Amino acid sequence: MNDQSQNLPDYNPQAVEAEAQSWWSDHDSFKAREDTAREKFYCLSMFPYPSGRLHMGHVRNYTIGDVIARHQRMLGRNVLQPMGWDAFGLPAENAAMAKGVAPAAWTWDNIAYMRRQLQSLGFGIDWSRELATCQPEYYRWNQWLFLRLLEKGLVYQTTGTVNWDPLDQTVLANEQVIDGRGWRTGALVEKREIPMYYMRITAYADQLLEALDTLQDWPERVRLMQANWIGRSEGVEIAFPYDASAREAIGADGALKVFTTRADTLQGATYCAVAAEHPLATAAARSKPDLAAFVDECKRGSVMEADVATAEKRGMPTGLHVIHPLSGARLEVWVANYVLMGYGEGAVMAVPAHDERDFEFASKYGLPIRCVIRSPSGACGDTVAPWQPAYAEHGVTVNSGVFDGLDFQQAVDAIAAALEKKGLGRKRVQFRLRDWGISRQRYWGTPIPIIHCADCGAVPVPDDQLPVVLPEDCVPDGSGNPLRKREDFLACTCPKCGKPARRETDTMDTFVDSSWYFLRFASADSARAMVDERVRYWLPVDQYIGGIEHAILHLLYSRFWTRVMRDLGLVALDEPFAKLLTQGMVLNGIYFRKTGTGRIAYYNPTEVGERDDGAGGLAFVLLADGQPVESGGMGTMSKSKNNGVDPQMLVDTLGADTARLFTMFTAPPEQTLEWSDEGVQGASRFLKRIWRAVHGHVAGGSAGPVVPGELNEARRTLRRQVHQTLAKVSDDISRRRTFNTAIAAVMELLNALNRAETVAPADRAVVQEALELTVLMLSPIVPHICHRLWNVLGHDGAIIDQPWPQPDPAALVADTREIVVQVNGKVRGRVTVAAAASEADVRAAALADDNVQRFVGGQPVRKVIVVPGKLVNVVV
RNA sequence: GCCGGGAUGGCGGAACUGGUAGACGCGGCGGACUCAAAAUCCGUUGGUGGUGACACCGUGUGGGUUCAAGUCCCUCUCCCGGCACCA
């Protein structure tokens, strides 16, 4: 295209974006209406926590969703793209402590600011369905469903272990425990047992695992993470009957139950071990002060499981014994710190010869080791001491009496059958998944709807008294839950007996709030029900987009909650999210200096420049003082590393379209995205180029429609590229979700367009069509500039109401093709042949090529492989 | 430790089903415009050799399958993510 840069209007993103946004707002463009005659598309990005300002991760997340939503809209779907606020949670309480404002006020201010930011980025959101989880109209349904689950036995109360800060007299979340100390007080954190409510997610473990296979449009990685988290194990539950000593200590008959996946090694069990919290440990500790001290010590240890895993194995005998269910031998019962109360029965049979942990423990305490599995090398075939490391693989049984000579499965089957006959065991499945503890000793959350009565105990709040409203004017000071000091909240009457009673002050885990918000968007204004019949139309979510950090908990809880609501007859839905896209993190450079006191000072990348280091390389220096700083490579944008980029700055200077284009172009959506100021400039440059291309073309006067018969070779070639690009972009956006390659293809097209002839009417017609299609193709990604350019190209309506274009099949047809010719697999030439050429013709043309002949060099041709339309390989 | 993913120019990345490695962008280099700079535009840019046509080498390592391997199989190294005493 000839350069017509004179007198063309400048690209002013602020003006263009304001105009487009007010058009959409004036026309209520994104309001979604139920219409069963139309195919719906529910596009949802994970709702944000209202932390104060959007960060780049949000921009990336919501841009991906908006591109998909706008594309689906152009394909004719009835699109719903809602937005809400995950508004309860700890940061609001921290901000309250730091600034002395109530969490509610802080949260609502943040929501107002971030809503404006989302609007300034041009996301096509139906704001009429906006919700915040801290609204009583929303969280009353958390309470209502909690009561339904309580009725069904899917919510129950038991004691749970929490981190307790003894100075602040408060419960700490795991992330508030740093090196075993409270983050504010520095006091040593204790474990505390307190009553908590649990949701019986384990009752759904089997179906949550099995249904993962139906989620074919979820990333394999996420399904695997969930499968590992649920952790299904097939094994045998075995009872070791108490001997006289144990019966006496417990004061009853009975047996120690264990779970094992290695019932084939039962004859190698030489002792049993129980967790410190196990009833047998408690019973034995009553008469043994040193054991009581050890049990206490184990209980006090860190709640963090990572620390537990690396701790040295320690234990102490209980002095009690149990009877081996097959051999009748007396086995000693130990308390061991490596046995978890929360898995299986909280007790294990120990087979040191075939389990590394038991081996380490038995070696340390001199316990017997008995080999019952022969390894392939035979090393475990006899009972020579000292024993070498445990052989934990499957193998053939030995030293097991009637069970000798069996492979793993045969041995498990035979031993399980023998145990079952004696009533001392049965096969069963064990899951790693634990029930979901939802109580939080926190203020800023959904109040748990329970009333404590001195006479009646814990009484559910009747439905007609819902919601239990959280007072919004509390200002937490760090010393426990402020609700405990609110007499107006605490005081109530028992629904059963009418006497004065106290309200529960615990609130719900915020994962409860986010486990069903996607359902509420479909009936956001329903005051009388949690969800209504509109859920049937909109659900499931067709495309869900969010961070990989939610791969396990949020997605698993949401799947569980959906099934619970299904079983209550509230929805007809097994799985809430049909397709899932997990976007990668946004990274930026990390620069720092170690200060004299050993502390590390981080510098924002904008404060750092590059200098010649005098040795042929580059050194990083702080612009302010010219002195070197160290580079810490790329890392997630975070406050602590001082490497964040404020999206608002970008929107205010280069515009929302540049921000959107950069995040979509620089990396595929699932990968990490490395921030680059030069890359942002590149995105802005491309928008200016397309702006100029359109205005330059239009300045040349009007253009008629393309008449295919009038096109010469060059015009046909250009037009073919236009329609090939359209086909590729359609596929990249809808199927592959590789927005980066879609944009690259459009960039290539624009490069070709800038080189094209634009004088003859036929040329202008081809360019007009090309620019129209280019603007249509880019409109989901950079909607504002395309909104304007569509009108500049001579169209009256808004581009948002245009259908997604289809490539013209006739334009895609080529008369000739370039074929690559290889000799022995190396490219030696190219020949142009008619598209319809036969294989024999292609072969002849390839062999006739000069350079090909040079490399064949008269040698006998052994074989010629012809890949139609692509390449010929001559083997000599 | 177990499970999963990855390694391609100076950088981000492309190559989708085994068929032209390095699309597109950034950066670099050369040029045009300018008093100059910025902006913009044009050209060039994996390495080595050659004036050149071109040749050789090249997708973390070593091997294999194939007419043909970044892509498939085996070995090793390093990176990243998840789980982490789950019996």
Side-chain angles (χ1 to χ4, degrees), chain A residues 3 5 219-229 231 233 235 258-262 265 273 305-306 308-311 313 336-340 342-351 354-358 360-361 392 430-434 548-549 551-552 584-585 587 618 634 661-662 665-668 670-683 685-686 688-689 692 728 731-732 735-736 738 740-751 754-755 818-830 851 854 862-865 867 869-876:
Chain A
D3 186 11
S5 54
E220 179 72 27
R221 181 162 65 131
V222 174
R223 287 189 286 153
L224 264 162
M225 280 162 74
Q226 293 219 346
N228 290 339
W229 187 260
S233 296
V258 304
F259 174 78
T260 180
T261 54
R262 292 300 303 273
T265 64
E305 301 214 319
V308 178
T310 49
K313 289 187 179 33
N337 65 346
Y338 71 93
V339 181
L340 303 173
Y343 184 80
E345 305 294 337
V348 298
M349 69 174 199
V351 185
H354 305 295
D355 181 280
E356 281 171 32
R357 298 153 301 184
D358 297 343
E360 192 188 327
F361 192 84
Q430 174 69 41
F431 292 96
R432 204 198 76 107
L433 183 70
R434 314 282 161 84
I548 185 69
E549 66 273 20
I552 299 176
M585 310 240 219
L587 312 183
L618 285 169
M634 301 297 281
L661 184 66
F662 171 77
F665 173 64
T666 307
E670 311 243 36
Q671 275 183 42
T672 54
L673 171 73
E674 297 189 8
W675 187 262
S676 139
D677 285 323
E678 293 80 13
V680 173
Q681 291 299 330
R685 200 144 49 215
F686 173 70
K688 285 183 204 156
R689 271 156 57 79
R692 268 200 312 275
K728 175 173 174 55
D731 187 50
D732 283 354
R735 179 181 63 89
R736 299 178 66 208
T738 51
N740 56 326
T741 54
I743 294 165
V746 176
M747 286 175 168
E748 259 183 285
L749 178 62
L750 188 67
N751 290 341
N754 280 336
R755 283 190 294 268
E818 190 179 61
I819 304 288
V820 168
V821 187
Q822 300 180 329
V823 179
N824 286 342
K826 291 194 173 178
V827 180
R828 298 302 183 187
R830 276 150 225 272
N851 206 41
R854 200 154 71 80
R862 283 176 43 212
K863 203 175 185 184
V864 178
I865 286 130
V867 181
K870 272 201 172 148
L871 116 174
V872 176
N873 189 10
V874 181
V875 187
V876 298

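Please read all numbers here as calculations on a predicted model, not as lab measurements. All chains are named by letter (A, B, ...) in the order of the sequence lines, taking the proteins before the strands, and each is independently numbered beginning at 1. The figures here come from the full heavy-atom set of this structure, side chains too, leaving out hydrogens, waters and symmetry mates.
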Restricting to nitrogen or oxygen on both sides, can you table the protein-nucleotides 5-7 of chain B pairs closer than 3.5 Å?
none

- Item | For B:G46, the Watson-Crick or wobble counterpart (both distances under 3.5 Å) | B:C57

- Task: Compare all side-chain heavy atoms of A:Arg830 with those of A:Ile819 and state whether any distance is below 4.5 angstrom.
- Result: no

- Take atom C1' in B:U61 and the same atom in B:G6, then report the distance between them in whole Å. 15 Å

- Message: Expressed as a whole number of angstroms, how long is the span from A:Lys688:NZ to B:A38:C1'?
- Response: 11 Å

- Note on the structure: Whichever of A:Glu360 and A:Asn824 has the more 5' nearest nucleotide on RNA chain B, that residue is A:Asn824

- No-hydrogen, no-angle side-chain donor-acceptor test under 3.5 Å, A:Asn751 and A:Arg689: yes

- Message: Measure CD1/A:Ile743 against C1'/B:C24 and give the value in whole Å, please.
- Response: 10 Å

- When every non-hydrogen atom of A:Ile865 is compared with those of A:Val875, the smallest separation belongs to CD1-CG2, 4.4 Å

- Interatomic distance where NE2 belongs to A:His354 and C1' belongs to B:A87 [whole Å]: 15 Å

- Item | Base-pairing mate for B:U51 - Watson-Crick or G-U, with both contacts under 3.5 Å | none

- Task: Would you kindly give the CZ-to-P distance between A:Arg692 and B:A39, to the nearest whole Å?
- Result: 13 Å

- Using a heavy-atom cut-off of under 4.0 Å over every strand shown, decide if A:Val874 touches base, sugar-phosphate, or nothing. nothing

- Query: Between B:A55 atom C1' and A:Lys826 atom NZ, what is the distance in whole Å?
  - Reply: 10 Å

- Taking a pair to mean Watson-Crick or G-U wobble geometry with both distances below 3.5 Å, B:G18 pairs with none

- Task: Could you measure between the two C1' atoms, the one in B:G13 and the one in B:C67, and give it in whole Å?
- Result: 31 Å

- Query: Does a side-chain heavy-atom distance below 4.5 Å link A:Val821 with A:Leu871?
  - Reply: no

- Task: Tell me which of A:Gln430 and A:Met225 sits closer to the 5' end of RNA chain B, going by the nucleotide each one is nearest to.
- Result: A:Met225

- Task: Would you mind pulling out the nucleotide paired to B:C78, Watson-Crick or G-U wobble, both distances under 3.5 Å?
- Result: B:G6

- Query: Is there a side-chain polar atom (N or O) of A:Asn754 under 4.0 Å from OP1 or OP2 of B:C41?
  - Reply: no

- Query: What's the shortest heavy-atom distance between A:Thr741 and A:Arg736, and which atoms?
  - Reply: OG1-NH1, 4.1 Å

- Message: Which is it for B:G9, anti or syn, if anything within 90° of zero counts as syn?
- Response: syn

- How is A:Gly682 classified with respect to the nucleic acid when contacts are heavy atoms under 4.0 Å: base, sugar-phosphate, or nothing? sugar-phosphate

- Counting only N and O atoms by type, is there a donor-acceptor contact under 3.5 Å from the side chain of A:Thr260 to the main-chain atoms of A:Arg262? yes

- Item | C1' gap between B:G47 and B:G28, integer Å | 16 Å

- Task: Find out whether A:Glu360 and A:Tyr338 are in side-chain contact, i.e. whether some heavy atom of one side chain is under 4.5 Å from a heavy atom of the other.
- Result: no

- Write down the partner of B:C41 under the Watson-Crick or G-U wobble criteria, each distance required to be under 3.5 Å. B:G31

- OP1 or OP2 of B:C54 under 4.0 Å from side-chain N/O of A:Arg854: no

- Query: Quantified in whole Å, what is the P atom distance between nucleotide B:G46 and nucleotide B:G22?
  - Reply: 9 Å

- So, does A:Arg828 use its side chain to make a donor-acceptor pair with the main chain of A:Arg854 at under 3.5 Å? no

- Donor-acceptor pair, side chain of A:Asp732 and main chain of A:Asn740, under 3.5 angstrom: no

- For A:Arg432 and B:A84, is the shortest distance between a side-chain N/O and OP1 or OP2 below 4.0 Å? yes

- Item | Span that lies between the P atom of B:U71 and that of B:G64, in whole angstrom | 14 Å

- Query: Any side-chain heavy atom of A:Trp675 within less than 4.5 Å of one from A:Thr666?
  - Reply: no

- Task: Rounded to whole angstrom, note down the C1' distance from B:G58 over to B:A69.
- Result: 14 Å

- Under a 4.0 Å heavy-atom criterion, the protein footprint on nucleotides 9-22 of chain B, written with B, S and -, is ---SSSSB--BB--

- Mind checking whether A:Gln430 and A:Thr261 have side chains closer than 4.5 Å, heavy atoms only? no

- Message: Counting the atoms with a prime plus P, OP1 and OP2 as sugar-phosphate, which does A:Asp358 contact under 4.0 Å by heavy atoms, base, sugar-phosphate, or nothing?
- Response: nothing

- Message: Taking any heavy-atom pair under 4.0 Å as a contact, classify A:Arg689: base, sugar-phosphate, or nothing.
- Response: sugar-phosphate

- Item | B:G70 and B:U20, which share atom name C1', separated by this distance in whole Å | 14 Å

- Message: Are more than 12 heavy atoms, taken from residues, nucleotides or ligands other than A:Glu818, located less than 6.0 Å from that residue's CD atom?
- Response: yes

- Query: Counting side-chain heavy atoms from CB outward, which of B:A55, B:U40, B:A87 is closest to A:Asn851?
  - Reply: B:A55

- Note on the structure: When rounded to whole Å, the CZ to C1' distance for the pair A:Arg828 and B:A68 reads 14 Å

- Query: With respect to the side chain of A:Ser233, which nucleotide from B:A87, B:G25, B:G4 is positioned closest?
  - Reply: B:A87

- Task: Send over the distance from A:Ile552 CD1 to B:G82 C1', rounded to a whole Å.
- Result: 6 Å

- Task: Could you work out the separation of B:G81 and B:A32 based on their C1' atoms and round it to a whole Å?
- Result: 50 Å

- Item | Spacing between A:Asn751 atom CG and B:U40 atom P, to the nearest angstrom | 14 Å

